[in-house]
> 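I have a structure I would like to understand better, so I am pasting it below and will then ask my questions one at a time.
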Amino acid sequence: MNSYEEGIERKKERLNLYLQAEQAILSGQSYEVEGLKLTRADLKTVEDMIEALERAIYVADVDNRRKRFRVIIPRESW
């Protein structure tokens, strides 16, 4: 796996973690453990990061496809 593919895999892993965080936030923003009240991360921040990661993965995928497929149009010899 090259560094480009490793970068995409890291982004996909981060996206998965942010999706899990979003699910945890949506299930309850605050909770209490042994009398200690805890509040999860800000939903808007997590949603913004999910959007940014999805966009980055999409752009990288499109760029990768463009690099692999090229249309060559032969020119008439003069």
Side-chain angles (χ1 to χ4, degrees):
M1 186 180 295
N2 62 36
S3 62
Y4 172 80
E5 291 170 340
E6 288 173 358
I8 295 300
E9 285 305 310
R10 276 195 303 271
K11 282 181 176 64
K12 287 180 179 179
E13 289 171 9
R14 287 185 68 204
L15 176 59
N16 190 32
L17 292 172
Y18 273 97
L19 290 169
Q20 291 174 17
E22 180 186 45
Q23 187 176 18
I25 293 168
L26 292 172
S27 69
Q29 184 63 17
S30 299
Y31 59 99
E32 196 168 320
V33 176
E34 296 180 8
L36 181 64
K37 186 172 182 171
L38 303 169
T39 303
R40 298 187 195 277
D42 178 50
L43 181 60
K44 175 72 172 131
T45 302
V46 172
E47 288 174 336
D48 289 346
M49 188 52 108
I50 288 171
E51 184 179 326
L53 287 166
E54 287 175 336
R55 191 175 325 111
I57 292 167
Y58 174 79
V59 167
D61 186 47
V62 168
D63 286 347
N64 190 38
R65 280 191 235 157
R66 285 184 185 151
K67 290 176 186 173
R68 289 186 292 172
F69 300 105
R70 299 220 183 253
V71 175
I72 299 173
I73 301 171
R75 297 171 71 178
E76 292 182 31
S77 56
W78 298 90

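Worth knowing before you read on, the calculation uses all heavy atoms, side chains too, and leaves out hydrogens, waters and symmetry mates.
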> For the CD atom on E6, are there more than 12 heavy atoms of other groups (residues, nucleotides or ligands in this structure) within a distance under 6.0 Å?
yes
> Taking atom CD of E22 and atom CG of L17, what is their separation to the nearest 0.5 Å?
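That separation rounds to 13.0 Å.
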> Within the structure provided, determine whether E9 and E5 are in side-chain contact (heavy-atom separation under 4.5 Å).
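Side chain of E9 against side chain of E5, heavy atoms only: no contact under 4.5 Å found.
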> Sub-3.5 Å donor-acceptor pair from the side chain of Q23 to the main-chain atoms of Y18, do we have one?
no
> What's the spacing between R14 CZ and I50 CD1 if we round to 0.5 Å?
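If we round to the nearest 0.5 Å, R14:CZ and I50:CD1 are 11.5 Å apart.
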> Show the nearest heavy-atom pair for residues A56 and K11, with the distance to one decimal.
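For A56 and K11, the tightest heavy-atom pair comes out as CB-CE, 3.8 Å.
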> Check whether L26 and M49 end up in the same hydrophobic cluster, where Ile, Leu, Val, Met, Phe, Trp and Tyr are linked by side-chain heavy atoms less than 4.5 Å apart.
yes
> Mind listing the closest non-hydrogen atom pair of I8 and A60 along with its distance?
CD1-CB, 3.0 Å
> Are L53 and V59 connected in a single hydrophobic cluster, I mean Ile/Leu/Val/Met/Phe/Trp/Tyr linked by side-chain heavy atoms less than 4.5 Å apart?
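No, V59 and L53 fall in different hydrophobic clusters.
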> How many angstroms lie between CD in E13 and CG in N16, if you round to the nearest 0.5 Å?
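Going from CD on E13 over to CG on N16, the span is 8.5 Å.
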> Quick check on the hydrophobic clustering: are L43 and L19 connected, directly or via other members, by side-chain heavy-atom contacts under 4.5 Å?
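L43 clusters together with L19.
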> Out of curiosity, does V46 fall in the hydrophobic cluster containing I57 (side-chain heavy atoms, cut-off under 4.5 Å, transitive links)?
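Linked, I57 and V46 end up in one cluster.
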> Nearest heavy-atom pair of S30 and K37: which atoms, and what distance?
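Shortest heavy-atom separation between S30 and K37 comes out as CB-CE, 3.8 Å.
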> Identify the heavy atoms of R40 and S27 that sit nearest to each other, and give their distance.
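R40 and S27 have their closest heavy atoms at NH2-OG, 4.4 Å.
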